[in-house]
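Chain A is the first sequence line, chain B the second, and so forth, proteins listed ahead of strands; every chain is numbered from 1.
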Amino acid sequence: MNGVAVIGFAQAGGVVTTSGVETLVPVFEEALARAGLGRRDIDFWCSGSSDYLAGRAFSFVSAVDAIGAVPPIAESHVEMDAAWALYEAYLKILSGEASTALVYGFGKGTAGDLNRVLALQMDPYTVAPLWPDAISVAALQARLAIDAGRCSEDDMAAVAAQRGHQAPDSPYVSMPLREHDVAPVADGAAAVVLAAGDRVAGRRAAWIERIEHRIEAQGFGELPAMPAPEVDVAALHAPFTHQELLLRRAFGLSGGVRYVPFTENAMFSAGLSRIGVAAEEVMAGRAAKALGHATSGPLLQQNLTCVLGSRS
Amino acid sequence: METLAAPLTIAFDYTRSLGPVLGRFMAGLRDRRVMGGRTADGRVHVPPLEYDPVTHEPVTDLVEVAPSGTVISWTWTGRPLEGQPLDWPFGWALIRLDGADTALLHAVDAGSAEAMRTGMRVRIRWAADRVGHIRDIECFEPGTATAGPPGPESEPVTMMTTPIRLHYRHTTSVEEDRYLRALAEGRIIGQRCPACRKVYVPPRFCPADGVAPDEVVEVAGRGTVTTFCVVNVPFAGQRLTPPYVVAQVLLDGADIPVPHLILGVPAEEVRMGLRVAAVWRDRADWGTTPENISHFAPSGEPDAAYETYAEHL
């Protein structure tokens with residue numbers, strides 16, 4: 001079996017259609033072309049999306065139209081960012097049930113009021129009925145982080161600047177979060193092609209050296225230390241600037257690490273895209289080792305980390 | 001390209017059953033008391049956890065805490081969103097109630113952001129009508145309060161209802177847009193898959209081949225009932241009185257049937273192979289909607305041969 005590698009990645013910019021199908025078809029084509037595989041070479045398809053984003057029931061079922069499911073395919077879905085679909089596909093390959101997989105995520109985050117929709121992923125008994133919007137909840141975390149000396153508004157502005165969002169007089173949206181601290185909501189779609197070691201066969205590849213999923217303990221927003229190995233590049237999924245700083249600290253990333261800025265909050269594909277971007281760094285030879293990170297929840301309640309490396 | 005778009009609201013009252021811990025917590029709120037759950041390490045969690053995060057044992061030790069506490073973090077909301085506790089500007093806060101070791105999220109009616117600060121003392125403002133729900137706490141307000149006199153706990157709450165209402169702007173695909181605009185002109189169109197040559201009505205990416213549809217094809221307003229069901233069950237929002245028939249109609253020239261109503265014939269006379277024709281509403285009422293076709297009714301032609309629709313069953 002000899003490991004699992006990312007061998008292709010593509011993402012869509014701009015507007016995603018409601019069903020996702022029209023956007024996904026060219027994204028699949030591009031990811032497959034980069035992987036040097038055809039549609040029928042894929043053993044397993046796995047997606048991440050949520051009906052709440054565009055308000056359409058069973059949207060992941062209609063998205064399967066983009067695959068062309070004749071003859072029948074093996075397919076699965078997670079109601080999470082597609083980074084968690086990648087985790088499922090990785091296990092599928094490790095278990096020997098597939099030797100190739102295409103993982104995709106899509107979401108039309110601009111269809112509704114995302115900030116309000118996200119309240120529904122909080123505890124349904126004691127929190128969600130209050131409709132606490134995601135930005136307000138993240139602001140509570142940011143203030144705790146500032147009060148604890150973990151970061152400052154200046155540090156956050158510096159992250160915003162790296163993202164190209166910094167504005168000198170950026171107004172507060174939810175104190176202490178300013179407009180430039182909040183990654184803009186966007187539509188998104190992305191696809192990653194995975195292959196078992198014996199199917200890589202000379203292709204450009206970023207090998208998955210480590211992948212893990214951490215869930216916070218019950219309660220509200222405590223980020224455990226998640227020490228990561230030394231990497232050259234990190235692509236962190238941090239919808240708010242203070243979270244970028246909390247994550248760098250939790251991973252113990254050193255000053256020499258280059259960060260790929262997180263610029264848009266494209267729900268359900270952003271996390272997969274971070275892993276894809278990290279893999280691109282390795283496949284293009286710009287990094288020997290890269291960290292891709294995906295999160296879920298306004299307080300980084302779920303974190304998936306994927307360390308990718310080259311094999312020369 | 002700007003395609004047709006329209007507002008869409010979805011709403012549902014979620015009912016959730018409560019276990020022994022949250023049932024007692026919600027019953028407490030109804031009685032103006034806040035119950036915390038003590039875990040094996042001695043910490044009191046408010047809201048209580050159902051299972052100890054360290055030992056994973058069920059939490060059974062519930063203790064009353066004070067209806068006032070301390071703000072440990074806060075933010076300010078200038079424009080409250082639909083459904084939030086207050087509909088005027090307020091603070092969101094993490095509040096550690098006296099006697100608790102963890103913080104509860106809720107709203108603080110403080111008047112202005114300047115009145116909010118970490119460490120401020122706040123107390124519960126109880127809702128007038130309490131039903132055993134987290135919203136029995138209307139919000140918090142500056143000040144302190146002490147717990148009422150001890151008394152027996154009332155029956156645990158077993159079920160809670162939370163209405164959910166979400167608003168979207170639904171945007172059509174290019175193919176859907178083309179289909180709806182044709183309907184507004186009294187035409188029914190499909191599009192042909194360039195790979196398998198099948199005509200989809202409404203037009204869509206071919207689910208068998210995963211490719212964009214190509215040639216636009218106008219199809220007939222008449223076709224064949226492939227299969228059908230008689231609706232006998234009333235439901236919320238129903239527009240017709242049962243019994244009535246919903247059928248799959250394979251329009252002449254199309255390779256996939258569309259669902260529609262079959263009226264103008266007693267339900268027991270609808271059959272597979274029945275030939276039907278679209279009955280359009282008055283032209284003055286047409287819009288970019290499938291509702292331009294009121295229903296299908298028997299066309300009077302002889303029934304279609306089984307072989308002509310067998311592959312659609």
Side-chain angles (χ1 to χ4, degrees), chain A residues 15 17-19 21-22 24-26 28-29 39 52-57 62 64-70 108 110-113 115-117 119-120 122-133 135-144 147 172-177 217-221, chain B residues 3 8-10 14 16 18 22 25-26 45 47 49-51 53-54 72-78 81-85 92-94 102-107 113 116 118 133-135 160 162-164 166-176 195-196 204-212:
Chain A
V15 176
T17 60
T18 301
S19 75
V21 173
E22 299 80 5
L24 284 169
V25 166
F28 290 173
E29 283 170 1
R39 184 156 64 91
Y52 279 93
L53 224 51
R56 293 238 315 187
S62 26
V64 170
D65 282 5
I67 299 173
V70 176
K108 191 170 181 60
T110 59
D113 180 356
N115 191 32
R116 190 167 169 271
V117 170
L120 298 182
M122 311 290 272
D123 180 294
Y125 297 95
T126 61
V127 183
L130 306 172
W131 292 91
D133 54 282
I135 296 174
S136 294
V137 171
L140 297 172
Q141 182 187 43
R143 185 180 300 279
L144 283 172
D147 288 351
Y172 284 116
V173 284
S174 277
M175 290 188 286
L177 291 179
Q218 296 176 66
F220 222 57
Chain B
T3 56
L8 168 72
T9 294
I10 57 177
Y14 279 86
R16 294 182 187 277
L18 299 176
L22 287 170
F25 174 71
M26 296 301 178
H45 298 255
L49 301 178
E50 294 179 288
Y51 290 90
V54 178
I72 64 166
S73 185
W74 62 275
T75 184
W76 188 255
T77 283
L81 302 177
E82 179 184 340
Q84 292 184 341
W92 283 111
L94 288 175
T102 65
L104 169 86
L105 175 73
H106 221 295
M116 294 290 301
T118 300
H133 193 279
I134 190 68
R135 300 293 291 257
M160 62 181 272
T162 303
I164 297 296
L166 295 169
H167 309 285
Y168 300 92
R169 184 151 185 84
H170 182 85
T171 307
T172 59
S173 67
V174 170
E175 292 77 20
E176 289 164 338
C196 66
R204 59 191 279 193
F205 273 53
C206 180
D209 295 296
V211 295

**Request:** Decide side-chain contact (heavy atoms from CB on, under 4.5 Å) for Val127(A) and Ile134(B); before the verdict, give the C-alpha distance in whole Å, the side-chain angles of both, and the deciding distance to 0.1 Å.
**Result:** CA-CA 8 Å; Val127(A) 183; Ile134(B) 190 68; over 6 Å; no

So, the part of Val25(A) with a heavy atom under 4.5 Å from chain B: the answer is side chain

Whatever's closer than 4.5 Å to a heavy atom in chain A on Thr77(B) counts as side chain

Rounding to 0.5 Å, atoms CG (Leu140(A)) and CD1 (Ile72(B)) come to a distance of 9.0 Å

Cut-off 4.5 Å, heavy atoms of chain A, and the answer for Thr118(B) is side chain

When the 4.5 angstrom heavy-atom criterion is applied to Ala93(B) and chain A, the contacting part is backbone

Cut-off 4.5 Å, heavy atoms of chain A, and the answer for Ile164(B) is both

Cut-off 4.5 Å, heavy atoms of chain A, and the answer for Met26(B) is side chain

Rounded to the nearest 0.5 angstrom, the CG-CG distance for Leu105(B) and Asp123(A) is 10.5 Å

Worksheet item: Counting distance only, does the side-chain N/O of Arg169(B) pair as donor-acceptor with the main-chain N or O of Ala111(A) below 3.5 Å?
Response: no

Applying a strict 4.5 Å limit to non-hydrogen atoms, the region of His106(B) in contact with chain A is both

Honestly, the part of Pro26(A) sitting under 4.5 Å from a heavy atom of chain B is neither

Bottom line for Pro85(B): the part with an atom under 4.5 Å from chain A's heavy atoms is both

Bottom line for Glu175(B): the part with an atom under 4.5 Å from chain A's heavy atoms is side chain

Bottom line for Ala212(B): the part with an atom under 4.5 Å from chain A's heavy atoms is neither

